[in-house]
Amino acid sequence: MIQLKIAFLDTEEAYLEQLKGYLMRRNETFFQIWTFSDTELFLKKAKDAAFDAVVMTAPFWEALKESVLEAKKILLCEGVREERLKECPYVVKHQSAEKLFCQISAMLWQEDREEKDFPEKTSELIGIYSPVHYENQMLFGMTMAQILGEKQKVLYVNLMGHSGFYQLVRTDAQEDLGDLLYGMMQREGDFASGLHRIRQTYRNIDFIPPVVNPEHLSEISDSLLERFLMELKNRSGYAVVIIDFGAVCLGFTKIIPVFGSFYCLYKEGVVNRYRMEEFFAYLEKDGAHIAERIRRIKMPEHIAHPEDTNPLENGLYGGMGDYIRRSVYGGEQIG
């Protein structure tokens, strides 16, 4: 797993403690950080530690301007930057720790993609689809992501239109999956840096904000989808990437072998049985080995949860969470 080594230099020790506390709460594995409120202590540590970045306030920037540092220097901007610092890379100090680390990681992925072998190992892709249009498919995928995210670094990707995702996690996004795919189509910038710039966090998982405009999903060609999946597998840096499909897409059967696991959700009913039979008949046209890779998961008619609560908030250790642990993994330890 990738680990970016970052030194933070600031005289405000309470702020440094907040950063360390954020990483501990998140069980963060992308970053290792060292904090310093003294220049000499930093220079002594820098002799032994190969930092990827040094993030520092203006007084430290001035104190270290003559020092030779192999790490990328990033200004921790507390207000209006002085004219002499206008051109230096910077992040804003007074923002959420989540956005701060997203911006830093995007800078490092973009800067060093040709110099470093990112990542050290590929991600496991898990696919989820329901030909019967199971109403709680997204709840299933996100709950699985949270369970796996207790011990691993997990990314959740939603390929549905109007899924209700933003209301479920109570957030919005300035950039979403559509922007990331558009950049890939135009070959603008680096995929990994774009991913880590727009990713957000919910509980113990990261996610790519789903498309706000569902028409963007119809623009995904089979070659773009294949390239997108391979980038997620080889360059996202996550241990697991869970992908929730809203519909069969171009080249669907060709991408199945890319996944380590693929779950097909269904439930009882005559019409649902017909849908399942038609779906697997479609898969078998490209060979029985494709259909055999997909695991059928029979879902209950309804996963009960209080009407006035968010199902993701109480589903991890009840309802859907218990069902996934019991039925999908057979009571065994996940992973």
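Heavy-atom basis, side chains included; hydrogens, waters and symmetry copies ignored.
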- For Phe101, all residues meeting ring pair (Phe, Tyr, Trp, His ring centres under 6.0 Å), sequence neighbours excluded: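 Here the qualifying residues are Phe8, Tyr22, Phe31.
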
- Which residues satisfy the ring pair (Phe, Tyr, Trp, His ring centres under 6.0 Å) test with Phe165, sequence neighbours excluded?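 Phe165: ring pair (Phe, Tyr, Trp, His ring centres under 6.0 Å) contacts with Phe207.
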
- Item | Test ring pair (Phe, Tyr, Trp, His ring centres under 6.0 Å) applied to Phe245 and Phe252, Tyr129, Tyr263, the passing residue |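 Of all the options given, the one that passes is Phe252.
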
If only atom types and distance count, is the side chain of [X] paired as donor or acceptor with the main-chain N or O of [Y] below 3.5 Å?
{"X": "Arg296", "Y": "Met276", "value": "no"}
{"X": "Asn204", "Y": "Gln146", "value": "yes"}
{"X": "Ser218", "Y": "Glu215", "value": "yes"}

[Y]/[X] salt bridge by N-O under 4.0 Å criterion:
{"X": "Glu62", "Y": "Lys65", "answer": "yes"}
{"X": "Lys233", "Y": "Glu226", "answer": "no"}
{"X": "Asp52", "Y": "Lys5", "answer": "no"}

- Item | Nearest heavy atoms of Leu125 and Leu229, plus distance in Å |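 Heavy atoms only, the tightest pair is CD1-O, 3.9 Å.
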
Listing, residues 279-290 side-chain donor-acceptor contacts under 3.5 Å, not counting sequence neighbours, or none:
unit_1: Asp286; atom_1: OD2; unit_2: Thr253; atom_2: OG1; d: 2.4

Using distance only, find each side-chain donor-acceptor pair of residues 33-50 under 3.5 Å and give its atom names and separation, not counting sequence neighbours.
unit_1: Ser37; atom_1: OG; unit_2: Glu13; atom_2: OE2; d: 3.1
unit_1: Asp38; atom_1: OD2; unit_2: Glu40; atom_2: N; d: 3.0
unit_1: Asp38; atom_1: OD2; unit_2: Leu41; atom_2: N; d: 2.9

- Can you list the residues that meet the side chain to side chain contact (heavy atoms under 4.5 Å, CB included) rule with Asp172, with sequence neighbours excluded?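 Once residues adjacent in sequence are excluded, Asp172 has no partner under the side chain to side chain contact (heavy atoms under 4.5 Å, CB included) criterion.
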
- Can you name the residues that form a side chain to side chain contact (heavy atoms under 4.5 Å, CB included) with Glu277, not counting sequence neighbours?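 Side chain to side chain contact (heavy atoms under 4.5 Å, CB included) list for Glu277, sorted by chain: Arg273, Tyr274.
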
- Message: Do Tyr166 and Val212 have side chains that approach each other closer than 4.5 Å (heavy atoms only, starting at C-beta)?
- Response: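 Counting from C-beta outward, Tyr166 and Val212 do come under 4.5 Å.
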
- Message: Surrounding CZ of Phe262 (heavy atoms of other residues, nucleotides or ligands, distance under 6.0 Å), is the total greater than 12?
- Response: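 It does: Phe262 CZ has more than 12 such atoms within range.
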
